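Computed from a predicted model, the values in this text were never measured in an experiment. Remember, it's 1-based here, ligands and their atoms both numbered in the order they're listed.
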Amino acid sequence: MKNPEIAPADGKLGILLVGLGAVSTTTIAGVIAIRKGLARPIGSLTQMGTIRLGKRTEGRSPKIKEIVPLADLDNIVFGGWDIFEENSYEAARTAGVLEASLLDQIKPELEAIKPWPAVFDQRYVKRLDGPNVKKGKNKKDLAEQVRADIRNFKKQHRLDRMVMVWCGSTEVFMKESAAHQSIEAFEKALEANDPAIPSSMVYTYAALMEDVPYANGAPNLSVDIPAMMALAQRQKLPVVGKDFKTGQTWMKTVIAPGIKARLLGIEGWYSTNILGNRDGEVLDDPESFKTKEESKKSVLDYILQPQLYPELYKDLYHVVRINYYPPRGDNKEGWDNIDLVGWLGYKMQLKIDFLCRDSILAAPIVLDLALFLDLAKRAGMSGIQEWLSFYFKSPMHAPGLYPEHDLFIQLMKLKNTLRYMVGEELITHLGLEYYD
Ligand SMILES: NC(=O)c1ccc[n+]([C@@H]2O[C@H](COP(=O)([O-])OP(=O)(O)OC[C@H]3O[C@@H](n4cnc5c(N)ncnc54)[C@H](O)[C@@H]3O)[C@@H](O)[C@H]2O)c1
């Protein structure tokens, strides 16, 4: 397969964030602080990651950003929507993730990023309500207003390209329905104010219509419906989702492949979390939690393949809980108890206690996704970008395929895609030639 031509990353890249909450403001403040030399981009593959090229004997391991043209952090401009009127400085203070001593050093830049009025309906996020909300005669009209925001942003900052990342709250659990099946049905449903179209889909539609690639950081359907897939294909745009893989699920996709690699059985996996940020508050609503639960639970089934190993995993009892607990703010604590079965059926237990910081883990993911999506578009890649599954709890995939959840396979896929993009040999790890 011939590698694609990649257009250069010249000019400015606009990153549109839906929701200026904890994750978004931690991303924005982080990029500004890094740009000013006040902090380092720890956790970001695009900024710190290297990639081996050629044989192990060649000793070639450049940085990823040296082999593919990625937008420079200096050329990024942020914009976004929220239902609250706070600017990014105030929103970052409210989120309480980053210390005031850092935020105060970049206060003017943060204050300049003020949220545009949101498309919001409490029917889809029960625990929230805010004043900064658009009014329109129907959802089509609201989509037109979002499109106008996007065009104004582009003009105002003289942007060359844009990407959109959903960092808004998790919406209630919804299933695919008739309104989602084609572009025509979707557009009719927009005009008819069909309840099957939650706010997130209004933004997704607006982004794709404005030629903007889209990433979905939450577990809501959003771009993951046939109508949006058709629109992405028609517009030749890359899209990706769902639900950033940050704390406990990231750990699960590290540990579970290790247990399975040794063919140890698992009787039960109990996961529980406490967190006290706004995300935790939204997820305290059973309908929003259901969306999250579905996203978190499917991981083990796909990694462990109980259909291939029924004696080891068929009866696995998997429980996931999230409890809203305000004293911890964004500093989540996630516990896992894994009941293992070893040689001759002897039982063991593994306990994990991860004292993590949700938005500190999510921010580098937002940045990487924005830069890689922009790269994909310049490389002419459209539709679902499976090579970015690495970043998601519920990776989107082609119909008929199962998603790949194992973090190490996902990383290999990501790096092989980059090698393919620049015409380098793919790495299979066969390595027989070293012993000839
Ligand atoms: N932090 C993580 O580790 C992580 C991991 C996976 C997924 N997520 C998801 O990322 C999203 C953001 O997380 P967060 O911690 O920043 O939450 P947050 O509550 O701090 O921020 C979300 C923001 O979105 C806004 N919002 C909600 N609906 C909106 C709409 N329709 N339009 C515009 N703004 C809207 C809210 O007002 C809020 O400010 C959540 O859906 C969360 O589930 C986060």
Contact check: Asp358 vs ligand 1, nitrogen or oxygen atoms, below 3.5 angstrom: yes

Closest approach of Lys377 to Pro238 (non-hydrogen atoms, all atoms of both residues): N-CG, 3.8 Å

Part of Lys245 with heavy atoms under 4.0 Å of ligand 1, whether side chain, backbone, both or neither: neither

Contacts of type side chain to side chain donor-acceptor pair (under 3.5 Å), residue Thr204, not counting sequence neighbours: Tyr214, Ser222

Heteroatom distance test (Phe84, ligand 1): nitrogen or oxygen, under 3.5 angstrom: no

Under-4.0 Å salt bridge between Asp211 and Lys154: no

Protein contact of atom 32 (N) of ligand 1 - nearest heavy atom, named by residue and atom, plus distance: Tyr203 OH, 2.8 Å

Min N/O separation Thr170 to ligand 1 under 3.5 Å: yes

Pairs flagged by ring-ring contact (aromatic ring centres under 6.0 Å, His included) wherever residues 138-161 is involved - sequence neighbours left out: Trp116-Phe153, Phe153-His157

Subset of ligand 1 atoms that lie under 4.0 Å from at least one heavy atom of Asp243: 6 (C), 7 (C)

Any N or O of Ala22 closer than 3.5 Å to N or O of ligand 1: yes

Heteroatom proximity flag, Val23 to ligand 1, N/O under 3.5 Å: yes

Per-residue contact class, Tyr124 against ligand 1 - non-hydrogen pairs under 4.0 Å: neither

Polar contact flag for Gly168 and ligand 1 (N/O pairs, less than 3.5 Å): yes

Atoms of ligand 1 close to Lys393 [distance to a heavy atom under 4.0 angstrom, numbered from 1]: 5 (C), 6 (C)

Option set Gly21, Ser169, Gly19, criterion heavy-atom distance to atom 27 (C) of ligand 1, minimum: Ser169

Contact partition for Cys167 relative to ligand 1, non-hydrogen atoms under 4.0 Å: backbone

Arg278 N/O under 3.5 Å from ligand 1 N/O: yes

Ring geometry between Phe392 and Phe244 (parallel below 30°, tilted from 30 to 60°, perpendicular above 60°): parallel

Numbering as shown, the atoms of ligand 1 that approach Ala218 to under 4.0 Å (heavy-atom distance): 41 (O)

